[in-house]
Amino acid sequence: MPAPTAESATDSPRARFGLGTAAVGRPGYITLGREVDLPGERTVEEMRGRTHELLDAAWAAGVRYFDTARSYGRAEEFVGEWLAGRADHAAEVMVGSKWGYTYTADWRASGVPVHEVKEHTVAVFDRQIQETRARLGKHLDVYLVHSVTPGSPALTDPELHARLAGLAAEGVRVGLSTSGPAQSQVVRAALEVTVDGRPLFAAVQSTWNLLEPSAGSALAEAHSAGWLIVVKEAMANGRLADRNATGPDTAVLRTVSDRIGAGRDALALAAAAAQPWADIVLSGAATAEQLASNLTAAEIALTSDDLAELSVLTEPAEAFWRIRAELPWA
């Protein structure tokens, strides 16, 4: 399989948006409002059905990028089942997954000391690439080291780099996802990683939103280097959703959304999509209704004045990530 290109993922306005499965592949996550959005029991069958419903709705709306991860409970399994039953769809989608976190919550939403354990080692890669292949089969286009921060072996381990280069040689676009206030530092360090004189990484999935845009300049550099750039958490784990963006700190978001006649969720996603380096912006919708609302972002054309007005929402990166770390799993 040839490595997917950024251009192949952006042929139509809605194809610039992707569907992430962090919120529906497992019963517990940190997105605000899950108690309203999801079935009360959240059994495996209920969550499988919800995931397939969202994938169907996304496909029908023109979405062609689907994101999952080893640590998203059974999300890879759910996505793989959906693809296996829709061969005509599978040939047209781009599937990205991530390795480096092990899911440890045993299908529980709360009362779990640790929901996932991070380890960026050769041993974990060797195990998880096999697990991913078993669930997604041939439908793996992008494989990212999950949540790389400064000091991760993903940036320095030659043996791991050789493994990743081997996967890239098979046609999979290899990259990383980033988290934390030092995202820019990580992206720039990753740009320097080479194997046999050639750049190793070719994709990154980073948090960028109106509250935390600090990675923007580094992502622009990665885009210029030919990387696929995927934006996650454009709604700040629900903090920018209509039902949560009600305080004085988000007054500007409400002002602009009212003026242009758009939902706050769509406005937040449109702001991410307006960044010239952004190839794919993920929706983390948990319901078909949320997804439909999110995708109206494709119809919003923000002006430079709109974006300048929204820039006052920016928080210090350290403050944003501190608040995110305090969000409860539910």
Side-chain angles (χ1 to χ4, degrees), residues 14 17-86 89-90 93-98 101 103-112 115-116 131-132 134-137 139 205 230 232-244 263 265-266 269 280-297 327-330:
R14 287 196 171 186
F17 294 87
L19 177 65
T21 56
V24 291
R26 52 193 169 184
Y29 192 49
I30 60 173
T31 302
L32 297 171
R34 287 174 63 79
E35 70 282 357
V36 176
D37 300 333
L38 295 173
E41 294 298 320
R42 302 184 202 171
T43 65
V44 172
E45 286 307 312
E46 286 175 323
M47 298 303 281
R48 174 183 286 112
R50 177 63 62 87
T51 302
H52 290 179
E53 175 190 0
L54 283 164
L55 290 166
D56 281 335
W59 168 268
V63 173
R64 295 295 181 267
Y65 189 93
F66 300 119
D67 169 73
T68 186
R70 287 299 311 124
S71 63
Y72 294 172
R74 299 178 72 161
E76 282 187 335
E77 174 188 330
F78 298 163
V79 172
E81 291 168 344
W82 184 84
L83 290 166
R86 295 160 179 80
H89 296 4
V93 304
M94 184 186 295
V95 178
S97 192
K98 298 180 286 294
Y101 267 114
Y103 178 64
T104 57
D106 194 28
W107 205 257
R108 289 175 290 170
S110 58
V112 182
H115 286 256
E116 52 192 12
E131 294 169 346
T132 294
R135 288 155 181 81
L136 294 177
H139 306 298
Q205 180 173 307
V230 180
K232 63 183 174 79
E233 299 181 338
M235 289 175 57
N237 300 104
R239 291 178 61 196
L240 297 176
D242 285 24
R243 65 189 175 199
N244 299 315
D265 61 324
L269 290 161
I280 301 290
V281 177
L282 295 179
S283 161
T287 71
E289 294 76 18
Q290 287 176 353
L291 178 63
S293 180
N294 287 178
L295 292 178
T296 62
L327 295 174
W329 287 77

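Values below: every heavy atom of this structure, side chains too, minus hydrogens, waters and symmetry copies. Along the sequence shown, residues are numbered consecutively beginning with 1. This structure is a prediction, so every number in the text was calculated from the model and none was measured.
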Enquirer: By the definition salt bridge (charged side-chain N to carboxylate O under 4.0 Å, His left out), identify the one residue from Arg26, Arg135, Arg48 that meets it with Glu77.
Expert: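 Result for salt bridge (charged side-chain N to carboxylate O under 4.0 Å, His left out) with Glu77: Arg48.
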Enquirer: Locate the shortest heavy-atom distance separating Leu282 from Gly20; write the atom from each residue and the value.
Expert: CD2-N, 4.3 Å
Enquirer: How far apart are the C-alpha atoms of Tyr72 and Lys98, what are their side-chain angles, what is the distance that settles it, and do they pass the side chain to side chain contact (heavy atoms under 4.5 Å, CB included) test?
Expert: CA-CA 9 Å; Tyr72 294 172; Lys98 298 180 286 294; 3.2 Å; yes
Enquirer: Mark yes or no for whether Arg243, through its side chain, and Leu32, through its backbone, hold a donor-acceptor pair below 3.5 Å.
Expert: yes
Enquirer: Trp329: which residues meet the ring-ring contact (aromatic ring centres under 6.0 Å, His included) condition with it, sequence neighbours left out?
Expert: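 Only Tyr29, His115 meet the ring-ring contact (aromatic ring centres under 6.0 Å, His included) criterion with Trp329.
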Enquirer: Using side chain to side chain contact (heavy atoms under 4.5 Å, CB included), reason through Glu76 and Arg70 one step at a time and then give a plain yes or no.
Expert: CA-CA 7 Å; Glu76 282 187 335; Arg70 287 299 311 124; 2.7 Å; yes
Enquirer: Find the distance between CD1 (Ile30) and CD (Glu233) and round it off to the nearest 0.5 Å.
Expert: 6.5 Å
Enquirer: CG/Asp265 to OG1/Thr296 distance, rounded to the nearest 0.5 angstrom?
Expert: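 Spacing of CG (Asp265) from OG1 (Thr296) equals 6.0 Å.
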Enquirer: Do side-chain atoms of Thr21 reach the backbone of Asp67 as a donor and acceptor pair under 3.5 angstrom?
Expert: yes
Enquirer: Without swapping roles, check the side chain of Asn244 against the backbone of Gly238 for a donor-acceptor pair under 3.5 Å.
Expert: yes
Enquirer: Any donor-acceptor pair under 3.5 Å linking the side chain of His139 with the backbone of Gly80?
Expert: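 Between the backbone of Gly80 and the side chain of His139 there is no qualifying donor-acceptor contact (under 3.5 Å).
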Enquirer: Could you walk me through whether Leu54 and Thr51 satisfy the side chain to side chain contact (heavy atoms under 4.5 Å, CB included) test, starting with their C-alpha distance in whole Å, then the side-chain angles of each, then the deciding distance to 0.1 Å, before giving a yes or no?
Expert: CA-CA 5 Å; Leu54 283 164; Thr51 302; 5.8 Å; no
Enquirer: Got Glu53 and Thr287 here, is their nearest side-chain heavy-atom distance under 4.5 Å?
Expert: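 They are not in contact (no side-chain heavy atoms under 4.5 Å apart), so the answer is no.
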Enquirer: List the atom of Val44, the atom of Phe78, and the distance in Å for their closest heavy-atom pair.
Expert: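 What the structure gives for the nearest pair is O-CZ, 3.8 Å.
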Enquirer: May I ask you to establish whether Arg64 and Trp59 are in a cation-pi arrangement, using a distance under 6.0 Å from NZ or CZ to the six-membered ring centre and at most 45° from the ring axis?
Expert: yes
Enquirer: Taking the side chain from Glu46 and the backbone from Arg42, do they hold a donor-acceptor pair closer than 3.5 Å?
Expert: yes
Enquirer: Could you report the tightest heavy-atom contact between Tyr101 and Ser71, atom names first, then the distance?
Expert: CB-CB, 3.4 Å
Enquirer: Can you see which heavy atom on Leu291 is nearest to which on Ala58, and at what distance?
Expert: CD2-N, 3.5 Å
Enquirer: Between the main-chain N or O of Ala23 and the side-chain N or O of Arg34, is there a donor-acceptor pair closer than 3.5 Å?
Expert: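 Yes; at least one donor-acceptor contact below 3.5 Å.
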Enquirer: Step by step, work out the side chain to side chain contact (heavy atoms under 4.5 Å, CB included) result for Ile280 and Met94.
Expert: CA-CA 11 Å; Ile280 301 290; Met94 184 186 295; 5.9 Å; no
Enquirer: List the atom of Asp37, the atom of Ala286, and the distance in Å for their closest heavy-atom pair.
Expert: CB-CB, 4.0 Å
Enquirer: So which heavy atom on Ala297 is nearest to which on Ala266, and how close?
Expert: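 Between these two residues, the closest heavy atoms are CB-O, 3.3 Å.
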Enquirer: Taking the side chain as every heavy atom from C-beta outward, state whether Asn294 and Met235 have any atom pair closer than 4.5 Å.
Expert: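 Asn294 reaches Met235 side chain to side chain.
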Enquirer: Treating Ser293 as the side-chain partner and Gln290 as the backbone partner, does any N or O pair qualify as donor plus acceptor under 3.5 Å?
Expert: no
Enquirer: About how many Å separate CZ of Arg86 and CG of Leu55, when rounded to the nearest 0.5 Å?
Expert: 7.5 Å
